[in-house]
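Please see the structure below; I have some questions.
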Amino acid sequence: MILHNGHDQDVVRRFVLRPDETVPPHRHEQTQVVVPHTGVLAVITALGTWVVAAPDRAVVIPPGLEHSHRAHTRSLVSTIMLAYPPMRARAGDRPTVVNLTPLARHVLTALSEPDRPARMRSALENVLRYELRSEKHQSNALSLPTPRDPRLLALSSSLIHAPADGRSLDDHARDLGTSQRTLRRLIKAELGMSFPQWRTLVRLVASLAHLANGESVTNTAHLCGFTSPSVFIARFKEFVHVTPGAYRDRMLASAAETGSTPP
């Protein structure tokens, strides 16, 4: 369900995506800021997938960059267009995940109100651009690189659909009709990491949806293939910078505040 504020030319939209619902690939002439108020949302490009799950974070998508969205859980999302001059995406352009400061959140709220005079909207957008461009507000985010080789694409699909699968790289190589050495070389060359590092990232992304839906830390660790809850907690804190329990509580509190409940 997509809700428009005002007329089609207005820059703010607010909509709900159901679990696993997607928005097909598209692009915009202006910079787009995507704010998931609740849920776990993925922004997908040819270069990779950026996952945003914290209610105080947003994704800034460069103008002209083709992208799609996928909700891992029920997600309430707002998007806003910033009036940068129209331009085409440059090679290497990719989304940026930012921490939303209290000021940025207030500006986003103000911009979502209809019928604001153009001069006031322009001033608000200038403030928001300044806040979003500040490096101190840029955030580390879980991101999954997109492989190009068909064998890695098949392996990626397998890992994403079965994060608890503990088979070795050699097992996957046999299923794909190739060698472990070839897969290891391709993973390093295309993704810049090892197979265990890649699989850990996939498992951490999968864990976000379970936690956002209220699953316990112990069950989430099991469902996502971690050897123990303590290993899961350590890896989660390393990448997300909070414990999985604290993250789950924050997501559930955010859902309660907006009147949204996990499915």
Margin query: Does any part of the side chain of L65, heavy atoms only, come nearer than 4.5 Å to the side chain of P95, both counted from C-beta?
Written below: yes
Notebook entry, point to check: Would R70 and H72 count as having a side-chain donor-acceptor pair, cut-off 3.5 Å?
Noted result: yes
Item checked: Worked check of side-chain contact (heavy atoms from CB on, under 4.5 Å) between R74 and R18 -> CA-CA 4 Å; R74 186 179 186 277; R18 298 182 298 273; 5.7 Å; no
Check: Side chain of N213, backbone of A209: donor and acceptor closer than 3.5 Å?
Finding: yes
Notebook entry, point to check: Is the closest side-chain heavy-atom distance between T45 and E66 below 4.5 Å?
Noted result: no
Next item on the list: Work out which heavy atom in P24 is nearest to a heavy atom in S68; give both atom names and the distance.
Entry: C-CB, 3.9 Å
Next item on the list: Identify the residue among T182, D171, L155, L152 that makes a side-chain contact (heavy atoms from CB on, under 4.5 Å) with L176.
Entry: L155
Checklist line | Heavy-atom pair with the smallest gap, counting every atom of V33 and L82 | finding: CG2-CD1, 4.0 Å
Margin query: Could you see if V205 belongs to whatever hydrophobic cluster contains I44? Use Ile, Leu, Val, Met, Phe, Trp, Tyr and a side-chain cutoff under 4.5 Å.
Written below: no
Checklist line | Straight-line distance of Y130 OH to T101 OG1, nearest 0.5 Å | finding: 10.5 Å
Checklist line | From CZ (R250) to OG1 (T243), nearest 0.5 Å | finding: 9.5 Å
Item checked: From CG (L108) to CZ (R105), nearest 0.5 Å -> 9.5 Å
Margin query: What I'd like to find out is whether the side chain of P63 reaches to under 4.5 Å of the side chain of Q30, using heavy atoms alone.
Written below: no
Next item on the list: Provide the closest heavy-atom pair for A110 versus L124 in the form atom of the first, atom of the second, distance.
Entry: CB-CD1, 3.9 Å
Check: Do F236 and L223 belong to the same hydrophobic cluster, where Ile, Leu, Val, Met, Phe, Trp and Tyr are linked whenever their side-chain heavy atoms lie under 4.5 Å apart, directly or via other members?
Finding: no
Note to self: Do H37 and S78 pair up side chain to side chain, a donor and an acceptor below 3.5 Å, judged on atom types alone?
What the structure shows: yes
Next item on the list: Indicate yes or no: at least one non-hydrogen side-chain atom of V43 is less than 4.5 angstrom from one of I61.
Entry: yes
Next item on the list: Hey, could you give me the CH2/OG distance between W198 and S156, rounded to the nearest 0.5 Å?
Entry: 4.5 Å
Check: Is there a donor-acceptor contact under 3.5 Å linking the side chains of S194 and Q197?
Finding: yes
Note to self: Once rounded to the nearest 0.5 Å, what's the spacing between atom CG of L128 and atom CD of E125?
What the structure shows: 8.0 Å
Notebook entry, point to check: Between H26, R27, R94, which is the residue that forms a side-chain hydrogen bond (donor to acceptor under 3.5 Å, both in side chains) with H67?
Noted result: H26
Notebook entry, point to check: Going only through I, L, V, M, F, W and Y residues with side-chain contacts under 4.5 Å, is there a path from L153 to L191?
Noted result: no
Next item on the list: Compare all side-chain heavy atoms of R248 with those of L252 and state whether any distance is below 4.5 angstrom.
Entry: yes
Note to self: Would a single hydrophobic cluster contain both L103 and L111, if residues Ile, Leu, Val, Met, Phe, Trp and Tyr are joined by side-chain heavy-atom contacts under 4.5 Å?
What the structure shows: yes
Next item on the list: Give every residue pair that meets the salt bridge (charged side-chain N to carboxylate O under 4.0 Å, His left out) criterion with at least one member in residues 157-166, sequence neighbours excluded.
Entry: D165-R167
Notebook entry, point to check: Do you know the tightest heavy-atom contact between A212 and V40?
Noted result: CB-CG2, 3.9 Å
Item checked: Pairwise side-chain contact, T79 with F15, heavy-atom cut-off 4.5 Å (strictly under) -> yes
Check: Does some side-chain heavy atom of M120 sit less than 4.5 Å from a side-chain heavy atom of P117?
Finding: yes
Check: Which atom pair, heavy atoms only, marks the closest approach of P163 to A206?
Finding: CG-CB, 3.9 Å
Next item on the list: Given ring-ring contact (aromatic ring centres under 6.0 Å, His included), test H210 with H222 step by step and report yes or no.
Entry: CA-CA 11 Å; H210 290 297; H222 173 72; over 10 Å; no
Checklist line | Where at least one partner belongs to residues 179-188, residue pairs that pass salt bridge (charged side-chain N to carboxylate O under 4.0 Å, His left out), sequence neighbours excluded | finding: none
Note to self: Test: salt bridge (charged side-chain N to carboxylate O under 4.0 Å, His left out). Region: residues 145-163. Which pairs qualify, not counting sequence neighbours?
What the structure shows: D149-R151
Note to self: Once rounded to the nearest 0.5 Å, what's the spacing between atom OG of S75 and atom NE2 of H69?
What the structure shows: 11.0 Å
Next item on the list: Over all heavy atoms of both residues, which pair between L201 and S143 is shortest? Give the atoms and the distance, please.
Entry: CD1-O, 3.9 Å
Checklist line | Pair S216-T218, side-chain donor/acceptor within less than 3.5 Å | finding: no
Next item on the list: Could you go through the side-chain contact (heavy atoms from CB on, under 4.5 Å) check for F232 and S207 one step at a time?
Entry: CA-CA 9 Å; F232 170 49; S207 76; 3.6 Å; yes
Notebook entry, point to check: Quick one: are E190 and I187 in side-chain contact, heavy atoms under 4.5 Å?
Noted result: no
Next item on the list: Before giving the answer on side-chain contact (heavy atoms from CB on, under 4.5 Å), spell out for L208 and Y247 the whole-Å C-alpha distance, their side-chain angles and the decisive distance to 0.1 Å.
Entry: CA-CA 9 Å; L208 296 175; Y247 167 83; 3.8 Å; yes
Next item on the list: Take L41 and V77 through the test side-chain contact (heavy atoms from CB on, under 4.5 Å) and record every step on the way to the result.
Entry: CA-CA 9 Å; L41 184 72; V77 182; 4.2 Å; yes
